[in-house]
Number of protein chains: 2
Amino acid sequence: MSTYERSCKIRGDGGRAIRGILDRIGDKWTLLVVATLDGPPLRFSELQSRIPGISQRMLTRTVRHLERDGLVSRTVYAEVPPRVQYELTATGRTLIEPAVALADWAIDHNPEIERSQATYDTGTA
Amino acid sequence: MSTYERSCKIRGDGGRAIRGILDRIGDKWTLLVVATLDGPPLRFSELQSRIPGISQRMLTRTVRHLERDGLVSRTVYAEVPPRVQYELTATGRTLIEPAVALADWAIDHNPEIERSQATYDTGTA
DNA sequence: CAGAATCCATGTAGATACTG
DNA sequence: CAGTATCTACATGGATTCTG
């Protein structure tokens with residue numbers, strides 16, 4: 001299959017599928033949370049300490065969205081003090097692969113892109 | 001390589017690489033423009049007519065960003081009326097593959113995700 | 001035709017303070 | 001510990017108007 005044919009997957013239904021997933025994972029923290037949860041279950045504070053810069057509010061929102069989408073499971077243990085564990089679901093794990101593909105692309109092409117930006121900016125400025 | 005090892009690619013430098021690419025392609029139109037340009041060169045108006053809902057301003061901004069990143073080339077023909085053609089660069093084409101992988105994931109898992117959301121919402125509401 | 005410029009609505013994210 | 005609530009700042013995106 002050529003990339004031309006494959007790119008129809010992106011435009012497909014007017015871009016609904018792509019838009020849907022980018023709305024889900026395109027924000028500032030979601031993919032980082034998913035990647036951080038690729039491994040043993042973590043509790044809230046562990047998650048927060050492993051994701052430098054994320055605020056409580058943003059972590060809460062992000063895991064809630066992921067839970068709603070069925071990509072992360074949230075288990076509350078009825079203890080005092082409370083303990084809540086987060087874990088990727090089977091579906092959530094399947095997201096790792098395409099996400100890594102994207103990260104690979106980013107790592108591979110970043111130098112090139114930054115050079116292009118520098119050229120563009122000096123030429124325009 | 002396990003997904004666990006691979007997911008380090010995402011968290012890598014504290015998520016810089018992923019953040020960089022999501023800032024680039026995570027917006028509303030970029031991937032749609034890239035996918036639409038996977039094929040013969042198109043002029044501004046052609047591009048706009050093939051991407052339902054995009055405004056002039058957003059198309060202009062999006063192609064400018066892509067040009068700055070070196071993913072799209074912009075060729076101005078000195079004619080009256082003006083003609084401008086857009087085309088994916090070689091680098092731009094390499095983005096198609098991981099983007100399609102993501103679109104595939106979205107298409108595959110959308111039904112499941114929507115079911116999860118429905119369950120979550122009724123349970124919470 | 002292909003945009004540039006301006007204005008405005010909305011959403012996203014962060015800081016801060018409080019609580020079961 | 002694991003949140004919730006509130007407020008605010010900023011970025012994103014859209015509509016409209018104007019132009020080389």
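So you know, we letter chains A, B, ... as the sequences are listed, proteins then strands, and number each from 1.
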Participant: So, do A:Gln85 and A:Leu42 sit near enough that their side-chain heavy atoms are less than 4.5 Å apart?
Facilitator: no

Participant: Taking ring-ring contact (aromatic ring centres under 6.0 Å, His included) as the cut-off, I'd like each qualifying pair that reaches into residues 79-116 of chain B, sequence neighbours left out, listed once.
Facilitator: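 Found B:Trp105-B:His109.
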
Participant: Please work out which residues in residues 72-80 of chain A have a non-hydrogen atom less than 4.0 Å from an atom of DNA chain C and list them by number.
Facilitator: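 When residues 72-80 of chain A is checked for heavy atoms under 4.0 Å from DNA chain C, there are no hits whatsoever.
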
Participant: Please round to the nearest 0.5 Å and tell me the distance separating atom OG of A:Ser7 and atom CZ of B:Arg93.
Facilitator: 10.0 Å

Participant: Can you hop from B:Val80 to B:Tyr77 via hydrophobic side chains spaced under 4.5 Å?
Facilitator: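 No, because B:Val80 and B:Tyr77 fall into different hydrophobic clusters, even though each may have its own neighbours under 4.5 Å.
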
Participant: With A:His65, which residues qualify under ring-ring contact (aromatic ring centres under 6.0 Å, His included), at least two apart?
Facilitator: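 In terms of ring-ring contact (aromatic ring centres under 6.0 Å, His included), with neighbours along the sequence ignored, A:His65 is linked to no residue.
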
Participant: Measure the shortest side-chain to side-chain distance between B:Val34 and B:Leu88 over non-hydrogen atoms and say whether it is less than 4.5 angstrom.
Facilitator: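 Result yes, sub-4.5 Å side-chain heavy-atom pair found.
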
Participant: A:His65 has an atom NE2; how far is it from atom C1' of C:dG11, in whole Å?
Facilitator: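 Between C1' of C:dG11 and NE2 of A:His65: 12 Å.
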
Participant: Is there a side-chain polar atom (N or O) of B:Tyr86 under 4.0 Å from OP1 or OP2 of C:dG3?
Facilitator: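 Answer is yes, contact under 4.0 Å.
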
Participant: Atom OG1 of A:Thr30 and atom CG of A:Leu71: how far apart are they, to the nearest 0.5 Å?
Facilitator: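 Output value for this atom pair is 9.0 Å.
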
Participant: Between A:Pro81 and A:Thr60, who's closer to the 5' end of DNA chain D by nearest nucleotide?
Facilitator: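 Nearer the 5' end of the strand: A:Pro81.
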
Participant: Would you say B:Ile25 and A:Leu102 make side-chain contact, with heavy atoms under 4.5 Å?
Facilitator: yes

Participant: Just to be sure I understand the geometry, which residues of residues 32-48 of chain B put a non-hydrogen atom under 4.0 Å away from DNA chain C?
Facilitator: B:Arg43, B:Phe44, B:Ser45

Participant: A:Thr36 and B:Arg11: side chain to side chain contact (heavy atoms under 4.5 Å, CB included), yes or no, with the steps?
Facilitator: CA-CA 7 Å; A:Thr36 304; B:Arg11 314 209 314 123; 3.2 Å; yes

Participant: Mark up nucleotides 14-20 of chain C, 5' to 3', with B wherever a protein heavy atom is under 4.0 angstrom from a base atom, S wherever such an atom reaches only the sugar-phosphate, and - elsewhere.
Facilitator: BB-B--B

Participant: To the nearest angstrom, how far is A:Asp23 atom CG from C:dT10 atom C1'?
Facilitator: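 Spelled out: CG on A:Asp23 to C1' on C:dT10 is 14 Å.
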
Participant: Do A:Leu37 and A:Leu47 make a side-chain contact, defined as non-hydrogen atoms from C-beta onward lying under 4.5 Å apart?
Facilitator: yes

Participant: If hydrophobic clusters are built by linking Ile, Leu, Val, Met, Phe, Trp and Tyr wherever their side-chain heavy atoms come under 4.5 Å apart, do A:Tyr120 and B:Val72 end up in the same one?
Facilitator: no

Participant: Sequence neighbours excluded, which residues qualify as salt bridge (charged side-chain N to carboxylate O under 4.0 Å, His left out) partners of B:Asp23?
Facilitator: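 Scan of B:Asp23 (salt bridge (charged side-chain N to carboxylate O under 4.0 Å, His left out), adjacent residues dropped) gives B:Arg19.
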
Participant: Using atom CG of A:Leu59 as one end and atom C1' of C:dA13 as the other, report the distance to the nearest whole Å.
Facilitator: 14 Å

Participant: Just how large is the angle between the end axes of the helix from C:dC1-D:dG20 to C:dG20-D:dC1, five pairs per end, to 10 degrees?
Facilitator: 50°

Participant: Scan for salt bridge (charged side-chain N to carboxylate O under 4.0 Å, His left out) pairs involving residues 104-117 of chain B, sequence neighbours excluded, and state none if there are none.
Facilitator: A:Lys9-B:Asp104

Participant: Could you state the atom-to-atom distance from CG of A:Leu22 to P of C:dT12 in whole Å?
Facilitator: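 So the CG-P distance, A:Leu22 to C:dT12, works out to 13 Å.
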
Participant: Going 5' to 3' along DNA chain D, which nucleotides are the first and last within contact of chain A (any atom under 4.0 Å from a heavy atom)?
Facilitator: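 Using the under 4.0 Å cut-off, the span is D:dC1 to D:dT6.
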
Participant: Tell me, please, which residues at least two apart from B:Ala17 pass side chain to side chain contact (heavy atoms under 4.5 Å, CB included).
Facilitator: A:Ala106, A:Ile107, B:Asp13

Participant: What pairs of donor and acceptor atoms, side-chain ones from residues 51-59 of chain A against any protein atom, are under 3.5 angstrom apart with sequence neighbours left out?
Facilitator:
from    : atom 1 : to      : atom 2 : distance (Å)
A:Ser55 : OG     : A:Met58 : N      : 3.2

Participant: Which salt bridge (charged side-chain N to carboxylate O under 4.0 Å, His left out) pairs, counting each pair once, include a residue from residues 62-75 of chain B, with sequence neighbours left out?
Facilitator: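 Every pair satisfying salt bridge (charged side-chain N to carboxylate O under 4.0 Å, His left out) with a residue in residues 62-75 of chain B: A:Asp121-B:Arg68, B:Arg24-B:Asp69.
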
